[in-house]
Amino acid sequence: MKKITFPVWLLGCLCLLVLLTGCWNRVEIENRAIVAALAVDKAEQEELLEVTAQIIKPGEIKSAGGGEGGNGGGGAQAVVVYSGTGHNMFEALRNIAKESKIKPYLAEVAVLILGEELARENISTVMDWMSRNPEPRLRAMPLVARGQKAKEIVATNIPTDKVWGLGLSQMVKDGYQEAKAVAVDILDYLKALESTPAFPVLTGLTLVDTDQEKQPSMEAVAPTKKPVLSGTAVFNNFSLVGWLNETQTRGLLWIQGQVKGGVMVIPTHQNENELIALEIIKADSQIEPLLQQGQVAFKIKIKAQSALGETPAGAVDTIDPQVLASLKRQQEEVIAGEIWSVLNQAQVLQADIFGLGEAIRRSYPREWPSYEKIWEELWPTLAIEVEVHAKITRIGMTGNPVKPERH
Amino acid sequence: MVIAVPEPGRISNRQASFLIINTILSTSIILLPSIVYREASQDAWLSIIIVTIFSIASGLIITSLGTRFPQKTIIQYSGDMVGWTLGKITGLIYIMVFIYANSFITREIANMFQTSFMSKTPLAVFAAGLLLTAAYTVRHGLEVLARVGDIILPLSLAMFFIIVALIYPEIDSRQFLPFLEKGAIPVFKGAYVSAFFFAEIIIIAMIIPYLKAPPKVKKNVILAVITAGLFQTVIMATTIGVLGGATAHFKYSTLQLASYISLADMVERVEPLIMLIWVCGGLIKIGVFYYCTVLALAQWLDLKEYKALVLPTGALVTVLSIVLWDNTSQLVHQITYLLPPILLAIWVGIPLVFLMLAWLRGKGETKT
């Protein structure tokens with residue numbers, strides 16, 4: 001092989017320099033329209049979608065915020081909200097670029113909020129677009145704006161968060177940890193669609209009025225509304241069919257074995273007005289389907305462990321095992337009540353949100369196809385048995401509470 | 001009679017196993033889960049086990065044949081088996097299939113880049129980039145290719161472990177049930193569509209003469225197939241456990257798997273690791289097929305060297321990889337429904353016929 005001479009070597013190096021200028025599609029961070037939250041509504045004009053994007057201003061995140069990234073608190077808002085309309089998601093998003101000057105970048109979308117009006121009709125195109133497009137991640141959470149336009153929620157400022165789209169996703173995740181909301185992301189939604197019968201659920205959000213006086217820390221633009229978790233939206237395939245309230249949401253989570261924590265307030269057995277707080281430590285569930293002579297029965301077994309969190313003085317003797325046992329029974333009743341509440345609501349909505357059909361399919365794959373055909377008629381006649389086993393495993397740092405007098 | 005030896009280098013048998021594992025895994029790991037899931041649903045992992053057993057059998061066929069002619073590649077001994085004319089026709093078929101296979105491997109990789117990461121870059125950039133790099137390796141011969149494989153395989157297997165370990169908490173074991181919901185037929189269908197990924201062990205028929213110990217190659221091939229099958233089964237099972245029924249929705253389900261990783265909100269966005277496996281593993285795979293093509297072509301034409309063929313072949317593959325298919329749906333449809341019988345006939349069927357002929361006529365060296 002010939003020896004490489006210096007000029008050739010130099011020429012080679014110079015050629016390589018050309019490659020160093022960067023990628024083909026590089027975009028500087030200042031020019032990226034990073035979308036933190038998306039909202040999709042029906043537009044006023046027939047048949048059109050209105051997409052609202054909450055776009056992060058990278059420069060603002062770094063400035064005035066005490067160097068705490070997205071949660072700087074106070075100061076200038078780090079996001080700006082743009083809307084666009086179109087026949088579908090794709091067109092509407094590209095129309096946003098008319099205002100924002102740059103094509104929105106979707107890889108960081110944390111929440112996708114769907115207006116209730118749209119959700120009641122059909123969200124299939126939105127979901128297809130979310131999974132077909134390579135940018136959004138399966139971790140993004142679809143939410144439903146309960147009784148209002150999704151745009152309003154995305155445009156409402158959360159004072160504690162600079163990028164409040166991320167705040168919303170955190171709100172849902174925290175709600176899930178407290179058993180107040182289901183944490184369903186795009187993948188969970190797709191998986192629920194694939195199961196038979198397909199009744200996905202999504203967390204609902206709604207705006208409530210805030211009391212402005214109570215927020216002195218806010219500067220000029222104190223918001224008059226704030227988003228809060230608001231139950232669970234029940235879908236039949238791609239269309240919203242109804243809602244679960246907060247109790248029913250926890251009932252659903254009990255059945256799915258997804259209760260991670262949260263506080264239960266239960267009355268003592270002697271006195272309805274004396275309320276005791278229990279913190280759920282962990283919970284587990286099991287759904288056992290039974291097929292007998294064309295009859296479908298389910299046994300739902302729940303196991304829960306909790307800690308005594310708070311008790312009024314003199315209400316219960318927490319050192320007495322018998323008292324704890326009765327508290328335990330009291331708790332079991334409350335849990336069963338929550339479960340029956342959601343079971344009844346599911347009957348009303350005719351929605352198998354628990355995957356009961358799927359449980360039959362898994363245990364009786366041969367028999368399932370014949371039941372699947374008549375599942376809708378079968379649904380109101382299911383025999384369901386709920387069995388709750390609760391345990392109070394911790395009673396805290398004290399024995400009995402401090403009492404003013406003994407009796 | 002050995003005519004010309006276009007390849008002076010020798011590689012060890014272990015390196016050959018590495019090349020085989022690399023060749024089978026690097027594309028199948030990304031593409032196979034959703035293709036197999038479409039046929040076999042939650043039993044897809046079983047399909048992979050079946051196809052692994054089948055591949056051990058086909059590996060035995062190819063190596064039994066190869067060890068009878070330890071000095072020759074399949075292009076060379078096909079003439080001994082069926083006469084000059086038929087031998088040349090068989091050789092040509094192999095060369096064409098190698099070129100075709102290489103085109104679709106290149107296209108798969110280029111497509112994935114374009115769809116998932118760099119949507120504005122033309123396919124030609126990826127295809128030409130991959131083939132130029134592979135051409136450089138191939139020109140330096142089999143030894144260099146094998147050494148690159150030595151470096152890259154442990155790396156990509158490590159990436160593979162990282163991904164499976166990180167996504168493990170998301171596995172929902174209920175998604176494996178019901179077992180054999182629709183009977184055994186879908187499982188075999190799933191095995192059938194994945195069979196030709198594993199039939200790529202045919203490359204060993206081109207490499208056997210350049211091994212340090214050709215008679216021991218059987219053991220290496222079987223080990224390689226089992227390793228590849230094991231990894232493929234694990235990734236298949238992980239995909240079923242995490243993506244469940246949604247697996248079939250995604251074209252690159254392993255990529256979705258990696259992008260779904262989120263460990264304590266800290267370890268996220270590890271999908272570039274998948275990209276790494278694809279670039280590195282894919283490069284070796286393209287290199288191996290590229291090498292087989294030019295070597296086969298040189299032997300078919302009775303040339304003393306294959307180096308002159310490297311760039312023209314690369315140019316041909318680059319162009320074919322772009323013009324043969326309009327989109328990935330076409331490509332996936334082709335590899336799922338049209339190709340398996342053809343490729344299996346060529347990659348497993350022909351060696352089987354040759355082996356039987358060799359037995360009947362007592363051609364080649366018998367095993368000692």
Side-chain angles (χ1 to χ4, degrees), chain A residues 1 19 22-27 70 103 105-108 110 127-128 130-141 166 169-170 173-174 183 185-196 198 200 256-258 285-287 289 355 358-369 372, chain B residues 37-38 41-43 111-122 124-126 129 139-140 167 170 172-183 239-253 255-265 268-271 275 307 328:
Chain A
M1 203 185 232
L19 298 176
C23 301
W24 195 286
N25 298 335
R26 92 200 185 291
V27 182
K103 192 184 114 190
Y105 174 68
L106 301 157
E108 301 293 334
M127 287 302 174
D128 176 73
M130 276 301 274
S131 54
R132 188 176 301 279
N133 195 313
E135 279 179 2
R137 290 204 304 159
L138 294 174
R139 286 269 175 194
M141 266 194 266
L166 305 180
S169 99
Q170 198 54 46
K173 283 180 197 161
D174 291 347
D185 57 23
I186 302 274
L187 178 61
D188 296 325
Y189 185 87
L190 292 177
K191 281 199 285 191
L193 276 183
E194 280 296 315
S195 64
T196 50
Q256 292 176 332
Q258 292 202 47
S285 82
Q286 217 181 336
I287 302 176
E358 194 72 3
I360 300 185
R361 184 184 145 236
R362 279 173 184 149
S363 304
Y364 302 93
R366 302 274 172 280
E367 291 83 355
W368 170 240
E372 191 182 358
Chain B
Y37 195 92
R38 234 164 270 158
S41 305
Q42 62 273 16
D43 301 318
N111 251 335
M112 195 202 65
F113 274 119
Q114 206 188 32
T115 327
S116 332
F117 296 107
M118 304 174 202
S119 54
K120 282 182 187 156
T121 312
V125 174
F126 301 117
R139 268 183 76 93
H140 284 80
I167 199 72
E170 304 288 343
D172 176 4
S173 56
R174 285 178 307 174
Q175 300 193 104
F176 292 97
L177 293 172
F179 183 60
L180 293 183
E181 185 181 16
K182 300 212 164 66
T239 314
I240 298 169
V242 178
L243 302 180
T247 309
H249 275 302
F250 302 116
K251 225 178 312 160
Y252 310 113
S253 47
L255 191 71
Q256 298 290 354
L257 207 65
S259 75
Y260 197 66
I261 289 174
S262 170
L263 207 68
D265 287 337
E268 283 188 346
R269 308 209 147 258
V270 293
E271 62 265 35
M275 192 154 119
K307 279 184 183 157
T328 4

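Scope of the values below: all heavy atoms of this structure, side chains included, with no hydrogens, waters or symmetry mates. Proteins get letters first, then strands, A, B, ... in listed order; numbering begins at 1 in each.
- Neither the backbone nor the side chain of B/Tyr252 comes within contact range of chain A; no heavy atoms are under 4.5 Å apart.
- With a 4.5 Å cut-off on non-hydrogen atoms, B/Gln175 touches chain A through its backbone and its side chain both.
- Interface residue B/Thr115: only backbone heavy atoms are found under 4.5 Å from chain A.
- Interface remark: B/Leu257 contributes no atoms to any contact with chain A (heavy atom separation under 4.5 Å).
- Contact of A/Arg132 with chain B is not made at all, since no heavy-atom distance falls under 4.5 Å.
- A cation-pi arrangement is present between A/Arg139 and B/Tyr260, with the terminal nitrogen or guanidinium carbon under 6.0 Å from the aromatic centre and inside a 45° cone about the axis.
- For chain A, no part of B/Leu255 is nearby; none of its heavy atoms comes within less than 4.5 Å.
- For chain B, the option among A/Arg362, A/Lys173, A/Glu358 with the highest count of heavy-atom pairs below 4.5 Å is A/Arg362.
- The nearest pair of heavy atoms linking B/Val242 to A/Leu187 is O-CD2, 4.0 Å.
- Between A/Leu190 atom CG and B/Gln256 atom CD the span is 9.5 Å, to the nearest 0.5 Å.
- Applying the 6.0 Å contact sphere to CZ of B/Arg38 captures more than 12 heavy atoms from other residues, nucleotides or ligands.
- In this structure, B/Gln114 has no side-chain hydrogen bond (donor to acceptor under 3.5 Å, both in side chains) partners at least two apart in sequence or on a different chain.
- Neither the backbone nor the side chain of A/Asn133 comes within less than 4.5 Å of any heavy atom in chain B.
- Judged as a salt bridge (Lys or Arg N to Asp or Glu O under 4.0 Å), and not counting sequence neighbours, the contacts of A/Glu108 are B/Arg269.
- B/His249 has its side chain within reach of A/Glu194: a pair of non-hydrogen atoms, C-beta onward, lies under 4.5 Å apart.
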